[in-house]
Number of protein chains: 2
Amino acid sequence: MQNTKPRVSKATISRIPLYYRAVVQLQQEGVARIRSERLSEIIHIPSATIRRDFSSFGELGKSGYGYSIATLVEEFGQLLDVDSSEAIILVGVGGLGRALLMNNFRRNPDLNIVMAFDADPDKVNTRIGGIPVYPFATLAAHMNPNIHTAILAVPSSAQTGVIGTLEAFGINAIMTFAPQPVACAPQTTIRYIDLTSELQTLLYTAHQKMKVR
Amino acid sequence: MQNTKPRVSKATISRIPLYYRAVVQLQQEGVARIRSERLSEIIHIPSATIRRDFSSFGELGKSGYGYSIATLVEEFGQLLDVDSSEAIILVGVGGLGRALLMNNFRRNPDLNIVMAFDADPDKVNTRIGGIPVYPFATLAAHMNPNIHTAILAVPSSAQTGVIGTLEAFGINAIMTFAPQPVACAPQTTIRYIDLTSELQTLLYTAHQKMKVR
DNA sequence: CTGACCTTGTGAACGCTTACACAGAATTCA
DNA sequence: TGAATTCTGTGTAAGCGTTCACAAGGTCAG
């Protein structure tokens, strides 16, 4: 089974969270059904793309009717596994780490940062936003086998070492804010959030737009 | 003024910051030249992609030699306009806004948050990380025509209104952390950083990877 | 200076994603 | 019930981006 073709394309996967958020919002507003054309206006994704995406999960809609909001919420909820709560650890309690702890994905009850770690003795053995902060050296003592997700807000220089340690403790999904690329084990998935690059790309794009005018 | 033929693809543009960061780093290490194959190992982008990207800015390299680091630093620096400092304002001084102020893209001297705004009276008329924080209502008094970039860390509900106001004062490049899509003027470029979606996509991908094994 | 050796730049093929357009299925309404 | 209307799902094509593979041209040792 070398070439297991993914059932759903990467581009579609990256849109599932947007779809989920939108249909939950609509459900809260009491909307019962929606057309792809109308949804397109709300989330700014072409209706043809929406229909093609939805159809890759089965025939969710009905001709001449549209999609039932309840069906969509159910379907995308299952895809994102929102019913089983995800326990997440955070490493690095600087300014950004602190902000993430205070916020803690409050809008999404299934996403929970359950504890945080930092190497700085001045920052540990306290609580931030109700979440305990432990010394990074005590990771082994606090880890448990149900945790396999981490968010990293550590300096670039520390990142490689931290990721190696986390992998050793069973973490296989990592979201990090340090752009330093790291070679990781094949079962590990890393998502890099590079704010400086995003900003520079934005500025380049905006600048080009000015020139064309 | 019809602009020149070789248009740079969006995918290439999004990699310019990575290239720039890498070559500056190499320059600081005293490296004078580099092959695409070696650069590929450092930034984890295929060498063929690197060569094609570079060639879209002209013939930067030499056969049998590679690329001169100095040439690359110069070229990408110009593309990103690192010589002219970019004045940025920040709106929303919650946990995330505060973290951004403390950090303020310190590694990139050309990127400067010069002031911040918030609607909450308790948060204004102070300094965070050396940057002054003003009431959002006084935006008009503090804006100047050289500023056309903003970072938004405000609640989703406030976003549409804030963006409208910013556009009226000449802002045309916006990076925002609220996923709520906003209809904006054609000359405005908005970049959405959606941390919840990123995390959910990561979890979905990691979960799929487990299933395949 | 010469020849062996490198490495770029790029034509061409490929694969992924989006966009178009419409047959056909389901709904709605009289 | 039947006809007009609505809207999905998808065949097909077009667009974009990546990867392969190699000719052309520069490098460098001797």
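Every chain is numbered from 1 and lettered A, B, ... according to where its sequence line falls, protein lines coming before strand lines. In what follows, every heavy atom counts, from backbone to side chain, and hydrogens, waters and symmetry copies are set aside.
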Of the options C:dA25, D:dG25, C:dT27, whose atoms approach the side-chain atoms of A:S63 most closely? C:dA25
Could you check whether A:Y67 gets within reach of a base, just the sugar-phosphate, or nothing at all, counting any heavy atom under 4.0 Å? sugar-phosphate
Looking at B:Y204 versus A:F76, is the centre-to-centre ring distance below 6.0 Å? no
Rounded to whole angstrom units, what separation is found between the NZ atom of B:K62 and the C1' atom of D:dG25? 12 Å
I'd like to know if B:R15 reaches the base of D:dG17 with its side chain such that a donor and an acceptor end up less than 3.5 angstrom apart. no
Stepwise side chain to side chain donor-acceptor pair (under 3.5 Å) test for A:T12 and A:D53: CA-CA 6 Å; A:T12 299; A:D53 282 350; 2.8 Å; yes
A:F57 atom CZ is separated from D:dT8 atom P, nearest whole Å, by 16 Å
Interatomic distance where CG belongs to B:D53 and P belongs to D:dT18 [whole Å]: 7 Å
The nucleotide from D:dG26, D:dT18, C:dC20 with an atom nearest the side chain of B:R52 is D:dT18
Whole-Å distance, A:I50 CD1 to C:dT17 C1', equals 15 Å
Is there a side chain to side chain donor-acceptor pair (under 3.5 Å) between A:T160 and A:Q180? Walk through the geometry before answering. CA-CA 8 Å; A:T160 304; A:Q180 184 72 233; 5.8 Å; no
Pick the nucleotide of DNA chain C nearest each of A:G64 and A:A48; which residue has the one closer to the 5' end? A:A48
How far apart are the C-alpha atoms of A:D110 and A:S85, what are their side-chain angles, what is the distance that settles it, and do they pass the side chain to side chain donor-acceptor pair (under 3.5 Å) test? CA-CA 4 Å; A:D110 59 311; A:S85 173; over 6 Å; no
Nucleotide D:dC22, atom P - distance to CZ of B:R51 in whole Å: 13 Å
Between C:dG11, D:dG9, C:dT17, which nucleotide has the shortest distance from any of its atoms to the side chain of A:S9? C:dT17
Counting the atoms with a prime plus P, OP1 and OP2 as sugar-phosphate, which does B:E37 contact under 4.0 Å by heavy atoms, base, sugar-phosphate, or nothing? nothing
Hey, is the side chain of A:R35 pairing donor to acceptor with the base of D:dT8 inside 3.5 Å? no
Roughly how many Å is it from CG in A:L39 to P in D:dC7, rounded to a whole number? 13 Å
Determine the contact category for A:T12: base if any of its heavy atoms lies under 4.0 Å from a base atom, sugar-phosphate if only primed atoms, P, OP1 or OP2 are that close, otherwise nothing. nothing
Counting only side-chain heavy atoms from C-beta out, which of D:dT8, D:dG11, D:dT19 sits nearest to B:T49? D:dT19
How many Å lie between NE2 on A:H44 and P on C:dT18, as a whole number? 17 Å
Looking for any heavy atom pair under 4.0 Å, which part of the strands does B:R38 touch: base, sugar-phosphate only, or nothing? nothing
Among the nucleotides C:dG9, D:dT8, D:dT27, which one has an atom lying closest to any side-chain atom of B:Y65? D:dT27
Quick check: does any side chain N or O of A:T49 sit under 3.5 Å from a backbone N or O of A:I45, one acting as donor and the other as acceptor? no
Can you work out whether A:R33 or A:K10 has the more 5'-proximal nearest nucleotide on DNA chain C? A:K10
Verify the ring-centre separation between A:Y192 and A:F177: is it less than 6.0 angstrom? no
In whole Å, what is the span from the CZ atom of A:F54 to the P atom of D:dT8? 10 Å
